[in-house]
Engineer: 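Sharing a structure here in structure tokens format.
All values reported here derive from a predicted model rather than from experimental measurement.
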Amino acid sequence: MTARIVFRVSVLALLLYSAVTQKCPAGGRSESSIVGWMLRGHVYDTLLAELPFTCVFKCREDNRCQSFNWVISLLTCEFNNRTKEARPEDFIPNQDRSYYRRDLQRVPLGSIQELPAETCDEIKRSEGHAVSGRYWFSTIKSGTSVLAYCNMETNDIDECSASSPVCDINANCSNTRGSYICTCRAGYTGDGKTCQDIDECGASTPVCDINANCSNTRGSYICTCKSGYIGDGKTCQDSCTHIKSVGKPVIHNSRSYTQGAWMKDPLGIMGPETIFVMVGYGGRKVLEEFENMDTFKTGIARKKYVLPYNWDGTGGVVYGPYLYYNREATNYIVKYNLRTEGVEKQISLSGSARVTSYQWGGYSQVDLAVDEQGLWALWGYSGNSNKLRAQMIDVHKGSLTLAWNLNSEVMNSMGNAFVACGVVYCIDDYHSESTTINFAYDTKTGNQWNPNIQFTNQFGYNSMVAYNPRERVLYAWDNQRLVTYPITFKER
């Protein structure tokens with residue numbers, strides 16, 4: 001068949017199709033082809049076909065097909081995803097083409113994801129009538145079909161209702177006529193389409209109280225009062241008061257050694273239930289670690305640390321991931337890292353730090369203590385007539401800081417000492433079953449007094465007394481018995 005014959009057959013087919021569709025709607029909405037016209041710019045696919053009837057059937061098979069152009073000279077169908085009603089501005093004359101609107105079961109524009117509209121008005125023009133509701137649009141997010149609410153009365157798309165958010169997940173979306181506004185929520189910064197968390201804890205102006213810890217969270221922060229303080233974190237008050245009474249000792253375990261030290265990490269970093277034991281008062285360098293009280297009572301150590309130097313006395317303490325102890329026969333306090341199992345620092349006390357010890361002896365010239373304020377060193381200072389000197393240790397810098405010379409008894413006349421809530425307390429005797437805490441000095445106020453608090457050395461040889469600020473109890477080693485004392489503080 002020559003090209004001229006094909007051309008004539010095609011034209012006759014067009015005329016026949018036009019006549020049929022004008023008179024026989026075939027139960028669906030249809031209209032005749034329009035010869036010499038085309039819809040421009042909306043072709044999504046093409047097909048070679050000798051007759052336009054092929055294009056008709058192919059269009060019916062594709063939900064995207066709204067109409068097609070029949071290119072007479074090329075015997076080609078150009079399938080459109082729009083009708084001339086939807087886009088009248090693109091309906092133009094073209095002598096080589098004819099325009100056909102889909103005759104059966106045309107899918108309404110914007111009703112499926114594969115056939116998104118660009119505007120609400122386009123939907124109304126395409127369908128002749130449309131009600132407000134959710135439709136698919138291609139203009140909200142580039143290259144993506146998005147479902148959103150369309151107000152057909154105002155022709156406004158509510159982008160904020162889109163099935164795929166137009167703003168950052170941490171932003172608020174406000175719909176406006178013909179557009180929208182994204183605003184980052186409190187605690188975030190950005191243009192609304194991209195929002196980043198603000199680290200309030202790193203701000204130049206503190207957001208928490210000076211006595212609180214700040215923890216940054218996504219979009220906010222948490223202020224938590226430090227140990228020894230109470231409040232909401234933005235305002236913290238000293239929760240510490242003076243000790244009112246000390247209860248009777250509670251026995252937890254026993255060892256064959258008369259003297260020693262045992263403790264938990266008051267910061268809980270090494271585990272809130274982990275127990276550490278230093279047996280004896282000198283010539284030893286093995287620190288035992290127990291997982292909890294149950295394993296401690298069975299005697300099954302989880303780990304044993306072989307320290308680089310022997311210790312003196314029973315004043316060693318675990319504070320965070322470190323053990324601090326007085327190195328044998330020296331003025332040095334060793335800072336030993338329990339995680340790396342190595343010495344990080346040796347802190348030197350004054351040259352006269354080891355001139356005297358507690359009543360019971362045992363190389364107890366240097367006693368370390370922990371309270372809500374931090375780490376302390378206690379010793380009989382020759383520059384203070386061998387009375388007690390209390391000095392804080394900066395655990396970060398590994399250096400001594402504030403110091404107080406106390407008007408206490410001389411060190412070798414007292415049984416033991418400890419620090420709680422910034423107050424240094426001295427126990428009169430280590431041996432007598434019934435004794436008293438007969439000296440107290442408040443380092444925050446400078447006041448000193450005799451609290452006359454009853455204290456029991458139940459087993460007659462208390463070689464170690466230390467305060468745990470997290471549990472608010474005293475740990476002690478009384479003649480082979482490892483005990484704790486409950487404490488009652490005065491009300492504010």
Side-chain angles (χ1 to χ4, degrees), residues 246-266 270-319 322-329 334 336 338 341 357-370 378 415-418 427 429-433 435 455-468 470-471 473-487:
V246 177
K248 297 295 183 181
V250 178
I251 302 173
H252 297 280
N253 206 348
S254 62
R255 285 296 181 95
S256 59
Y257 278 73
T258 302
Q259 306 92 351
W262 75 297
M263 69 217 73
K264 291 181 182 178
D265 170 21
M270 295 303 294
E273 301 303 323
T274 304
I275 295 172
F276 296 90
V277 178
M278 302 173 75
V279 176
Y281 63 82
R284 301 179 66 86
K285 60 178 181 179
V286 177
L287 172 72
E288 299 174 345
E289 176 185 304
F290 297 86
E291 184 177 359
N292 52 43
M293 185 63 73
D294 290 335
T295 58
F296 176 48
K297 290 179 178 180
T298 62
I300 303 174
R302 178 168 62 184
K303 189 170 184 177
K304 293 185 178 182
Y305 302 86
V306 179
L307 307 176
Y309 312 108
N310 290 344
W311 65 72
D312 267 353
T314 57
V317 297
V318 171
Y319 190 56
Y322 300 97
L323 168 70
Y324 296 85
Y325 69 95
N326 180 209
R327 179 177 171 182
E328 183 181 59
V334 178
Y336 179 81
L338 296 170
E341 299 186 36
S357 61
Y358 288 130
Q359 285 175 353
W360 64 274
Y363 307 126
S364 59
Q365 293 96 335
V366 177
D367 193 10
L368 298 174
V370 173
L378 307 174
N416 230 303
F418 62 92
I427 302 172
D429 194 88
Y430 82 99
H431 177 66
S432 299
E433 181 176 350
T435 186
F455 189 88
T456 302
N457 298 308
Q458 184 171 346
F459 303 101
Y461 199 116
N462 223 330
S463 62
M464 167 255 175
V465 178
Y467 173 65
N468 185 304
R470 185 169 60 86
E471 298 176 302
V473 299
L474 294 176
Y475 280 68
W477 192 300
D478 186 2
N479 195 9
Q480 303 180 357
R481 280 79 167 187
L482 283 65
V483 303
T484 58
Y485 292 83
I487 299 174

Engineer: Looking at CG of L482 and CE of M293, how far apart are the two atoms once the value is rounded to the nearest 0.5 Å?
Structural biologist: 9.0 Å
Engineer: With sequence neighbours excluded, what pairs up with Y305 under the ring-ring contact (aromatic ring centres under 6.0 Å, His included) test?
Structural biologist: none
Engineer: At what distance, to the nearest 0.5 angstrom, does OH of Y485 lie from CG of L474?
Structural biologist: 8.0 Å
Engineer: Are Y322 and Y336 near enough that their ring centres are under 6.0 Å apart?
Structural biologist: no
Engineer: How far does CG of L307 sit from CZ of R284, to the nearest 0.5 angstrom?
Structural biologist: 11.0 Å
Engineer: Within a strict 4.5 Å, meaning less than it, do heavy atoms of the Y430 and T435 side chains meet?
Structural biologist: no
Engineer: Indicate the atoms forming the closest heavy-atom contact of G260 with S463, along with that distance.
Structural biologist: N-OG, 3.6 Å
Engineer: Could you tell me if the side chain of W262 sits less than 4.5 Å from the side chain of M464, heavy atoms only?
Structural biologist: yes
Engineer: Donor-acceptor pair, D312 side chain versus A329 backbone, under 3.5 Å?
Structural biologist: yes
Engineer: State whether the side chain of N292 and the backbone N or O of T295 hold a donor-acceptor pair below 3.5 Å, judged by distance alone.
Structural biologist: yes
Engineer: Enter the distance from Y325:OH to L368:CG here, rounded to the nearest 0.5 Å.
Structural biologist: 11.5 Å
Engineer: Give every donor-acceptor pair under 3.5 Å between a side-chain atom in residues 272-282 and any protein atom, sequence neighbours left out.
Structural biologist:
unit_1	atom_1	unit_2	atom_2	d
E273	OE1	K264	NZ	3.3
T274	OG1	M270	O	2.8
T274	OG1	R302	NH2	3.2

Engineer: Roughly how far apart are Y319 OH and Y324 OH, rounded to 0.5 Å?
Structural biologist: 8.0 Å
Engineer: Would you list the atom pairs, donor with acceptor, under 3.5 Å between side chains in residues 248-255 and any protein atom, with sequence neighbours excluded?
Structural biologist:
unit_1	atom_1	unit_2	atom_2	d
K248	NZ	T456	OG1	3.2
H252	NE2	T484	OG1	2.8
N253	ND2	F296	O	2.9
R255	NH1	E288	OE1	3.1
R255	NH2	E288	OE1	2.9

Engineer: Rounded to the nearest 0.5 Å, what separation is found between the OG1 atom of T314 and the CG atom of D367?
Structural biologist: 6.5 Å
Engineer: Within the side chain of D478, is there an N or O that forms a donor-acceptor pair under 3.5 Å with the backbone of Y461?
Structural biologist: yes
Engineer: Among W477, Y475, F418, find the residue that satisfies the side chain to side chain contact (heavy atoms under 4.5 Å, CB included) test when tested with V465.
Structural biologist: F418
Engineer: Taking side chain as C-beta onward, heavy atoms only, is Y309 less than 4.5 Å from K285?
Structural biologist: no
Engineer: To check you understand the geometry: which heavy-atom pair defines the closest contact between P266 and V370, and what is its length?
Structural biologist: CG-CG1, 3.6 Å
Engineer: Backbone N or O of D429 within a donor-acceptor pair of the N457 side chain at under 3.5 Å?
Structural biologist: yes
Engineer: Decide yes or no for I427 and N462: does some side-chain heavy atom of the first lie under 4.5 Å from some side-chain heavy atom of the second?
Structural biologist: no
